[in-house]
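These notes concern the structure reproduced below.
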Amino acid sequence: MTILLDMSHVHVPVLAGELIDALDPAPGQLAIDCTFGAGGHARLVADRVGSTGELICIDRDPEAERRHAEFAREVSCATRFVHGDYADVLPALREQGVSVGRSCDLLYMDLGISSLQIDTRERGFSYAFDAPLDMRMDPGTPLDAAKIVNEWPEQRLAAILREYGEERYARRIAREIDRTRERAPIETTTELVAVIKRAVPIPAQFGSGHPARRTFQAIRIAVNDEIGSLERALPEAWSLIATGGRMAAISFHSLEDRRVKRFFAGLARGCVCPPELPVCVCGHEPEAELITRRVVRPTEGEVANNPRARAGRLRAARKLTASSDEQGSYR
């Protein structure tokens, strides 16, 4: 049963009801929000863990800390904000024991970029606005989109466009970027869009989606090391969760979803003996139960209200066994 939500007064997060269904928050629980953003998911979780619960919120974007200060005044649960990449913050939390006298019951991550980041034109995330080439989720980090576009070798550019953007014309776009920057640096989003349009065939400029969409996605992922962060964070996140606790991830493209799917599937796998053996000799027991046997996608109604939700994909799992780290650190 999907929970119906009245979210008319706040930013509406993607797959909100489905996430709450999967996590099933209860009063008194401790939850970790790995990507606080605008706080839409956090508000729903905070309402359900209540005044006896606790919510730790993480985000690398310093703007999220300001939003969390407002959020903290409006919710009844204890809450605190930790600034940083969740891949770095989670192991620090594990070393600290997460929260005095408490284990982590729920952990969730809403991957990718937030609508607020896209719509803030000076951040340079969108090809729809003329802005400096930036794309940093944390403006304090040294690598920005301008550095990648103007300094990375052509072959490396083509590789990230192909891998992170799944861009069919990766080599052509990288070659045109290289030619253009030899004359003068590419400094704005509008300039980069013009380069991309020159590189791709004319029919591709009028196909499905904006011709710059995949290139901008790829550069943004590279700037923020989004795939690397996710790969480092998944095992750290799982190590924080107590037996019976739940973990969920919402992703927005196949690169993220594939990694989440493989991670949960590996945890849920039982016997790993070769198939030719007549009986199990490995004794391997599954660490997780899949809450979402199949990927959960937004309903047609949600997509109609929020077209950006179309690519959302939710997966979740419940922890069956305690790790030695968990038993030693916060039991």
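In this chain, numbering begins with 1 at the start of the sequence shown. All values below were derived from every heavy atom in this structure, side-chain atoms included, with hydrogens, water molecules and symmetry-related copies excluded.
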Would you say [Y] ends up clustered with [X] if hydrophobic residues are merged whenever their side chains have heavy atoms under 4.5 Å apart, either directly or through other cluster members?
X      : Y      : value
Val303 : Leu19  : no
Ile58  : Val260 : yes
Trp238 : Ile227 : no
Ile177 : Leu143 : yes
Met109 : Ile221 : no

Can you name the one residue among Arg220, Arg232, Arg60, Arg259 that meets salt bridge (Lys or Arg N to Asp or Glu O under 4.0 Å) with Glu226?
Arg220
Closest approach of [X] to [Y] (non-hydrogen atoms, all atoms of both residues):
X      : Y      : answer
Ala237 : Met247 : CB-CE, 3.8 Å
Pro13  : Gly40  : CG-C, 3.6 Å
Asp33  : Tyr108 : OD2-OH, 2.9 Å
Ala218 : Gly165 : CB-N, 3.5 Å
Pro298 : Ala309 : CG-O, 2.9 Å
Pro286 : Ala268 : CB-O, 3.4 Å

Check whether any side-chain N or O of [X] sits under 3.5 Å from a backbone N or O of [Y] as a donor-acceptor pair, and report yes or no.
X      : Y      : result
Thr215 : Ala212 : no
Ser126 : Ala128 : yes
Arg94  : Leu90  : no
Glu231 : Gly228 : no
Asn224 : Met137 : yes
Asp88  : Gly84  : no
Thr189 : Ala131 : yes
Arg315 : Ile250 : no
Asp105 : Ala31  : no
Lys319 : Ile241 : yes

Salt-bridge present (Arg67, Glu70; N to O < 4.0 Å):
no
Can you tell whether the side chains of Asp257 and Arg262 come within less than 4.0 Å, N to carboxylate O?
no
Are any of the side-chain heavy atoms of [X] and [Y] separated by less than 4.5 Å?
X      : Y      : answer
Ile148 : Ile160 : yes
Leu93  : Ile56  : yes
Val195 : Ile173 : no
Thr243 : Thr321 : no
Asp85  : Val89  : no
Glu302 : Arg310 : no
Leu157 : Arg175 : no
Ser51  : Cys77  : no

With distance as the sole criterion, is a donor-acceptor pair present between the side chains of Thr35 and Asp110 under 3.5 Å?
no
Working to the nearest 0.5 angstrom, can you tell me the gap between [X] [atom1] and [Y] [atom2]?
X      : Y      : atom1 : atom2 : answer
Asp59  : Glu65  : CG    : CD    : 10.0 Å
Leu107 : Ile32  : CG    : CD1   : 5.0 Å
Leu23  : Ile291 : CG    : CD1   : 7.0 Å
Ser251 : Leu230 : OG    : CG    : 8.5 Å
Asp178 : Ile186 : CG    : CD1   : 9.0 Å
Ile113 : Leu111 : CD1   : CG    : 13.0 Å

Does the side chain to side chain contact (heavy atoms under 4.5 Å, CB included) test come out yes or no for Asn306 and Val14, once each step is laid out?
CA-CA 8 Å; Asn306 179 16; Val14 173; 4.0 Å; yes
Could you walk me through whether Leu192 and Ile196 pass the side chain to side chain contact (heavy atoms under 4.5 Å, CB included) test, one step at a time?
CA-CA 6 Å; Leu192 180 57; Ile196 295 166; 4.0 Å; yes
Set out, in order, the CA-CA distance, both residues' side-chain angles and the distance that settles side chain to side chain contact (heavy atoms under 4.5 Å, CB included) for Thr79 and Cys57, then state yes or no.
CA-CA 7 Å; Thr79 182; Cys57 299; 3.8 Å; yes
Are there more than 12 heavy atoms of other residues, nucleotides or ligands under 6.0 Å from atom CD of Glu74?
yes
Residue pairs fulfilling side chain to side chain donor-acceptor pair (under 3.5 Å) with at least one residue in residues 155-172, sequence neighbours excluded:
Glu166-Ser254
Can you sort out the partners of Val296 under side-chain contact (heavy atoms from CB on, under 4.5 Å), two or more places apart, ordered by chain and number?
Leu15, Glu18, Thr292, Leu314
For Asp134, check side-chain contact (heavy atoms from CB on, under 4.5 Å) against everything at least two apart and list the hits.
Arg136, Asp144
Output every pair passing ring pair (Phe, Tyr, Trp, His ring centres under 6.0 Å) with a member in residues 52-76, not counting sequence neighbours, ordered by first then second residue.
Phe36-His68, Phe36-Phe71, His68-Phe71, His68-Phe81
So, using ring-ring contact (aromatic ring centres under 6.0 Å, His included) as the criterion, who are the partners of Phe252 when residues are at least two apart?
none
According to the salt bridge (Lys or Arg N to Asp or Glu O under 4.0 Å) rule, which pairs have a member within residues 183-198, sequence neighbours left out?
Glu176-Arg198
Among His253, Glu256, Arg297, Lys261, side-chain contact (heavy atoms from CB on, under 4.5 Å) partner for Arg313:
Arg297
